[in-house]
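Notes follow the structure.
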Protein chains: 2
Amino acid sequence: MNLSFDVEEFIKEFENSCNKVQKKTFEKNEVITSYIQKRNQFCILISGNADLVRYDLNGNRTIIDHFTNNDVFGEVFYNVTTNNELLVEAKSKCEVLIYSYQNIHYKCKQNCKFHQKLSEYLPELILDKVTSLNMRVELLTKRSTRDKLLGYFNLLSTRTLSKTFKLPFSLTDLADYLSVDRSAMMRELKLLKEENFIKKNGKMITLLYK
Amino acid sequence: MNLSFDVEEFIKEFENSCNKVQKKTFEKNEVITSYIQKRNQFCILISGNADLVRYDLNGNRTIIDHFTNNDVFGEVFYNVTTNNELLVEAKSKCEVLIYSYQNIHYKCKQNCKFHQKLSEYLPELILDKVTSLNMRVELLTKRSTRDKLLGYFNLLSTRTLSKTFKLPFSLTDLADYLSVDRSAMMRELKLLKEENFIKKNGKMITLLYK
DNA sequence: GTTTTTCTGTTGCAAAAGCAACAAAATAGT
DNA sequence: ACTATTTTGTTGCTTTTGCAACAGAAAAAC
């Protein structure tokens, strides 16, 4: 996230000016929302972190997306075509702004500050989402588990400007995020350590190659 | 694509009103643009079709995205972090509107109609892109070649409202799009035919299951 | 502070996917 | 219309990935 404006400031300042937006709090493991076609919910995660997960017919879980501070989500971003369940699950206590997408255009009152700012910031919020989705596609199209891992590590390294960083996921969740089998991923991690590509201590990873 | 406005109309009407936008034509196989960090190009494909492709260090080609009429692309949508080359290649003769993203905010003149309309339509254009990227992620996270194929066929079937449809790709390109080995994909297609899941005649596919 | 649950690390075996290579068919180029 | 190039369809073999299962470590719940 490198937005040109401060989402927190924006929310603090304006959340009470508009009666069409609501703020809700969710506890860990609660379902924040499920994606259903034709309900145009649009959400901004104010604090905490949450995952968009899919459970398919074989019982596989996939973490489709991982949301942290200031991320936007909701079924406006999704054309729900599959019969799989899509859920947003809170991974920690979460504060969420919930809004109906239509209401962005139909203002609640002439001078609603929230509306004004939201319209102004919206393209950037969505653009940021496109960028992160493109990175996701970039990762998922990598052919091997090794390339996915290294690709993801590179991303975190670039993001933190450091060769050492902490995984934002448990290893179990990381496997679901990279869409690979956990044991196969663990095996690959072991090889990467043995071949001196990385150093690993719990969730702390250090890249050892140039 | 199911936008609430007609992109073609918008472009026809306003493309000459703004001196900061240019229209270019590309022949088949020409490179329309390559993605380079910090150049904020933003493009709309008016006609033809094109692919966003990546060539990785092992020589694997991946079709990251496939663009047709009215699709938007450009490196505004991409945080170029990898050292891989990202190119947009014309698959047929293409007409493209090219614009610098910054210029969306800095209008060329007070009453530039193009600017006005573009600002108005932009969120929807980008939102549409998010939707298609989410579908892409949905496909790519499927665990097996079979699930990817069936997922993609379902998508085309839903889009065309028909059990029978034509693949917009060559089979070679489809493999690169689904990020699987071509021969493995062909093998799976053969099995799907043998097990009566699909009927296939060249690029025409018919789904046989409910 | 003890118990229960989740997460990590590992492995043998089975299944799926990738690689290489080639002939036939289709398409594009001249 | 003929030739060159690309695409399709196929297969044997190798490598990678996934599955199942389990023990120990860590974290969460009580």
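In what follows, chains are A, B, ... by sequence order, proteins preceding strands, each numbered from 1.
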#### Entry: Divergence of helical axes at both termini of the helix from C:dG1-D:dC30 to C:dT30-D:dA1 - five pairs an end, 10° steps
80°

Between the protein and nucleotides 23-30 of chain D, which nitrogen or oxygen pairs come in under 3.5 angstrom?
none

### Task
Go through the side-chain N and O atoms of B:E95 and B:S47 and say whether any donor and acceptor fall under 3.5 Å apart.
yes

### Query
If you measure only the distance, is there a donor-acceptor pair under 3.5 Å linking the side chains of A:T145 and A:E188?
no

### Task
I would like to know whether B:R146 and B:L191 meet side chain to side chain contact (heavy atoms under 4.5 Å, CB included); could you show each step before the answer?
CA-CA 9 Å; B:R146 168 166 296 207; B:L191 288 174; 3.7 Å; yes

Just how far, in rounded Å, is [atom2] of [N] from [atom1] of [X]?
X	N	atom1	atom2	answer
B:I63	D:dT7	CD1	P	10 Å
A:K142	D:dT16	NZ	C1'	18 Å
B:D173	D:dT7	CG	P	7 Å
B:M186	C:dA23	CE	P	17 Å
B:N201	D:dT7	CG	C1'	16 Å
A:L171	C:dG9	CG	P	6 Å
A:D147	D:dT17	CG	C1'	14 Å
A:L167	C:dG9	CG	P	11 Å

#### Entry: Audit row: B:S100, B:Q41, side-chain hydrogen bond (donor to acceptor under 3.5 Å, both in side chains) steps and yes/no
CA-CA 5 Å; B:S100 169; B:Q41 214 165 57; over 6 Å; no

Which atom pairs, one a donor and one an acceptor, fall under 3.5 Å between side chains of residues 178-185 of chain A and the rest of the protein, sequence neighbours left out?
from	atom 1	to	atom 2	distance (Å)
A:S179	OG	B:T141	O	2.7
A:S179	OG	B:R143	NE	3.3
A:D181	OD2	A:S183	N	3.1
A:D181	OD2	A:S183	OG	2.5
A:D181	OD2	A:A184	N	3.1

Rounded to the nearest 0.5 Å, how far apart are [atom1] of [X] and [atom2] of [Y]?
X	Y	atom1	atom2	value
A:I98	A:I44	CD1	CD1	11.0 Å
A:E138	A:L155	CD	CG	9.0 Å
B:L156	B:I205	CG	CD1	9.0 Å
B:I126	A:L127	CD1	CG	5.0 Å

### Message
Any salt bridge linking B:K129 with B:D65? Criterion: basic side-chain nitrogen under 4.0 Å from a carboxylate oxygen.
### Response
yes

### Residue list, ring-ring contact (aromatic ring centres under 6.0 Å, His included) with B:Y121, at least two apart or on another chain
B:F5, B:F10

### Message
On a heavy-atom basis, which atom in B:E27 and which in B:A90 lie closest, and how many Å separate them?
### Response
O-CB, 3.5 Å

### Query
Tell me, which of residues 188-200 of chain B have any heavy atom that sits under 4.0 Å from an atom in DNA chain C?
B:E188

Quick test: give all pairs of protein nitrogen or oxygen and nucleotides 18-21 of chain C nitrogen or oxygen below 3.5 Å, distance rounded to 0.1 Å.
from	atom 1	to	atom 2	distance (Å)
C:dG18	OP2	B:D181	N	2.8
C:dG18	N7	B:R187	NH2	3.2
C:dG18	O6	B:R187	NH1	3.4
C:dG18	O6	B:R187	NH2	2.9
C:dC19	N4	B:S183	OG	3.0
C:dA20	N6	B:S183	OG	3.4

### Message
Are A:H66 and A:F169 an aromatic pair, judged by ring center distance below 6.0 Å?
### Response
yes

